[in-house]
Number of protein chains: 2
Amino acid sequence: MTTLRDVANHAGVSVSTVSRVVNGKEYVSERARQRVMEAIEALQYQPNLLAQSLATGKETKQLGLLVYDISNSYFAEITMAFESIAYQHGYTVILCNTAEGTKTLKYLDMFIQRKTDGVAIVGSEMGKEEVGRLEMLLDRGVPIVIAREKGWSVNPLTDALGDRTGVVEFDTREGARMAIEFLISQGHRRIGGLFSIPKKGLWQNRRALGYRSALEAHGIPVDERLLVTDLNTSKSAGLMGMGELLRRNVDCTAVFVYNDLMAMGALSCCQRMGVRVPEDLSIVSMDDTEDSLYTNPPLTSVRIPRKEQGEFMANYLLARIQGGHPPSYLQLHVQLSLRESASTVGDKNMFRRISNETS
Amino acid sequence: MTTLRDVANHAGVSVSTVSRVVNGKEYVSERARQRVMEAIEALQYQPNLLAQSLATGKETKQLGLLVYDISNSYFAEITMAFESIAYQHGYTVILCNTAEGTKTLKYLDMFIQRKTDGVAIVGSEMGKEEVGRLEMLLDRGVPIVIAREKGWSVNPLTDALGDRTGVVEFDTREGARMAIEFLISQGHRRIGGLFSIPKKGLWQNRRALGYRSALEAHGIPVDERLLVTDLNTSKSAGLMGMGELLRRNVDCTAVFVYNDLMAMGALSCCQRMGVRVPEDLSIVSMDDTEDSLYTNPPLTSVRIPRKEQGEFMANYLLARIQGGHPPSYLQLHVQLSLRESASTVGDKNMFRRISNETS
DNA sequence: CATGTTTCTGGGAACGCTTGCAAGTTCTCT
DNA sequence: AGAGAACTTGCAAGCGTTCCCAGAAACATG
């Protein structure tokens, strides 16, 4: 491997001079610069970034990105935006998929050991230990930025880290409320819910709270039988959850689904069961990923901006690394994207229809 | 920042001893080990991986992964499998999205500079310069593994690198042939094609070749008017391509689509245009991503194993890094996953139907 | 020509770690 | 008890950079 020294020898100058040339510093004669350039070319010299950051003790030009599940296009789009900004500034991103919960802690340790310049966290669960590592990172001056649902009270992050991290928030409670509000405005009264959360924690969840508060605002009682929960947030979870709801035979005319991924599963279930969407059943969900444009029918979904999330996170970290004081908080606007999966309540009740058919 | 030296001072031993403890080497007394452990605990010591790999000159425990587009779940699933294996072996992965073509070269330089232990490439275009960098990596002993379509002749990679890299291949030509063969067996004779390749390079493309050879095998002439090409491979490209095909009014009864992403767009187009799939038009595509299970109707698609791809690539690199000689070639089996988007040719011809309606 | 400035250049100490070496310590076996 | 083997330990030289510092060279000024 060719090193600075090799280049120096080849060019007949000292190591320091080569270093100056490589880093574009002043105080190098044109003659020397020329010869060094030639040597670099001849020897195919590439600087050793490891040695470089060791010596400077400053930047490693690496950013860590913790996402819950890259195969979910919600996260994939955030990742893309993040990577794109990082790249533009000469930073490299270390990707970590945290769906398998135990990985988070190890990855945080990795970040510390690798002297990562900044860490972005989106949708990953943090336990006590993990938060400890985050504090360690903060103490070492490594900026952290977190994307999260507003008021995510179950997560101890908020309290422990205070305002030392950057935060992008989006109000999923408000989003869910808007979605339900819309359904109510379309005449729906019996509205089911498909949530991806532990049953017992249901009313800790922002989306569930939004669901409830919209109903309550209209004097509609919450019917527990209309609620299905699953621990996963995947297409198959949506498929099974919807199946469960249909099986319960609880004549509802609309369903709120936790996210697009699950909604795709739910849609698929409806199709298999001969339930027409939206004629027999309206569906609204959250995320508004690109996928939701291409389902059949296209999903009415609450838009949570993703590109903005990724970009804010990357920009925040980069600014902090350069010693700046960028705004550390961003609240993203959620809004309902109206498409075809939800409509005015029909006169037919599909649950009755199904039960007639099957019984 | 606490260093080895700090720990040594705190424990009252030498730096070397601490190093030995940290690396679990033999020849350390129980007493010393104990004290060092305590010091590490007390000082929250975390080794500096940069210094470590600089000193050893060996592994950096980082793998580079170049994928074309993470937001495409085909690539996302490969990425997940790759990351998962890497993680299990204590490796970290640097993710690069190469859809914006110019990034590839810079990333390869990064890999060299960061002393990345291995590089995996999937679906990224390589020009002359890029191949040069790959050779540079190989010369430095960095293993490389590439996932690609079998016989991808346009790509200069094959020739230049010879058999110095690991390769996972899948025969997309055979896949396309199977798909068309299936359509023919279902009575289809006029079969359209939606390809994501430059028009002029069409017959260089393996999928297109498979399409053609299947038709030829049955004495069906290729009708250029049934072929639409687009440079992108995205849902919207599929949407537009399908639109174009329908507009041409070229009564075909089935369409072969380049990949699932485009097929989703095509499906969406059909739905908007009132073309029923598969009653009016059969669709088959390639990739068989998880998405294809959840479209409406679910897509009949040629399965290209993704998890296996990611795993092979990671395992190959890891084995090579450890000095092993793993099998450097894997041919993945493609097979047709039959679902509902393709069926026996109907008696109705939807193109005629549409033109009747619209004219 | 002596002196002061400015521009260039190389030496060498650091960065945090590993590792070969040699000296010191403890065992083990006669 | 003594010799050799086996175990512990610390020293110091790297790994490839950066960067401070001091000295050399070039130029300007009186």
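Here is how names work: the chains are called A, B, and so on, in the same order as the sequence lines, proteins then strands, and each is numbered from 1.
- Considering only the side chain of A:Ala55, D:dT18 comes nearest among D:dC20, D:dT18, C:dT18.
- The distance from atom CG of A:Leu50 to atom C1' of D:dT18 is 15 Å, rounded to the nearest whole Å.
- Within 4.0 Å of A:Val15, counting heavy atoms only, lies at least one base atom of the nucleic acid.
- Atom CD of B:Gln34 is separated from atom P of D:dT8 by 14 Å (rounded to the nearest Å).
- Comparing D:dT18, D:dG10, D:dG16 by their closest approach to the side chain of A:Leu4 singles out D:dT18.
- With salt bridges taken as basic N to acidic carboxylate O contacts below 4.0 Å, one links A:Arg133 and A:Asp109.
- Phosphate proximity of C:dT19 to B:Lys58: present, with a side-chain N or O under 4.0 Å from OP1 or OP2.
- Contact check, A:Asn23 against D:dT18: a side-chain N or O comes under 4.0 Å of OP1 or OP2.
- Here the shortest heavy-atom pairing between B:Ala32 and B:Val28 reads CB-CG1, 4.0 Å.
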Practice prompt. May I have the step-by-step check of salt bridge (Lys or Arg N to Asp or Glu O under 4.0 Å) for B:Glu169 and B:Arg148, ending in yes or no?
Written response: CA-CA 5 Å; B:Glu169 278 188 343; B:Arg148 61 152 114 94; 2.8 Å; yes
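- Straight-line distance from the NZ atom of B:Lys61 to the C1' atom of C:dT18: 15 Å, rounded to whole Å.
- Distance, B:Leu43 CG to C:dG16 C1': 15 Å, rounded to whole Å.
- Electrostatic pairing of B:Arg164 and B:Asp139 counts as a salt bridge here, judged by a charged N lying under 4.0 Å from a carboxylate O.
- Between B:Val28 and B:Thr56, the one whose closest nucleotide on DNA chain D sits nearer the 5' end is B:Val28.
- A donor-acceptor contact under 3.5 angstrom links the side chains of A:Thr17 and A:Ser14, judged on distance only.
- For B:Ser16 against D:dC11, a side-chain N or O and a base N or O form a donor-acceptor pair under 3.5 Å.
- Put simply, B:Ser19 has a side-chain N or O that comes within less than 4.0 Å of OP1 or OP2 on C:dT18.
- Atom CZ in A:Arg5 sits roughly 11 Å away from atom C1' in C:dG11 (whole-Å rounding).
- In this structure, the nucleotide among D:dG10, D:dC7, D:dG16 sitting nearest to the side chain of B:Thr17 is D:dG10.
- Straight-line distance from the CD1 atom of B:Ile40 to the P atom of C:dC17: 10 Å, rounded to whole Å.
- Atom CG of B:Leu54 and atom C1' of D:dG16 are 6 Å apart (whole Å).
- Following rounding to the nearest Å, B:Glu30 (CD) and D:dC7 (P) show an atom-to-atom distance of 15 Å.
- Looking at heavy-atom distances under 4.0 Å, B:Arg20 makes contact with a base.
- Comparing D:dG16, C:dG10, D:dT9 against the side chain of A:Ala51 picks out D:dG16 as the nearest.
- Salt-bridge check for B:Glu100 with B:Lys103: passed, with a basic side-chain N closer than 4.0 Å to an acidic carboxylate O.
- Between B:Ser14 and D:dC11 there is no side-chain N or O to OP1 or OP2 distance below 4.0 Å.
- For the pair A:Tyr27 and D:dC20, the criterion of a side-chain N or O lying under 4.0 Å from OP1 or OP2 is not met.
- Contact annotation: A:Lys25 does not reach the phosphate of C:dC8 (side-chain N/O to OP1 or OP2, under 4.0 Å).
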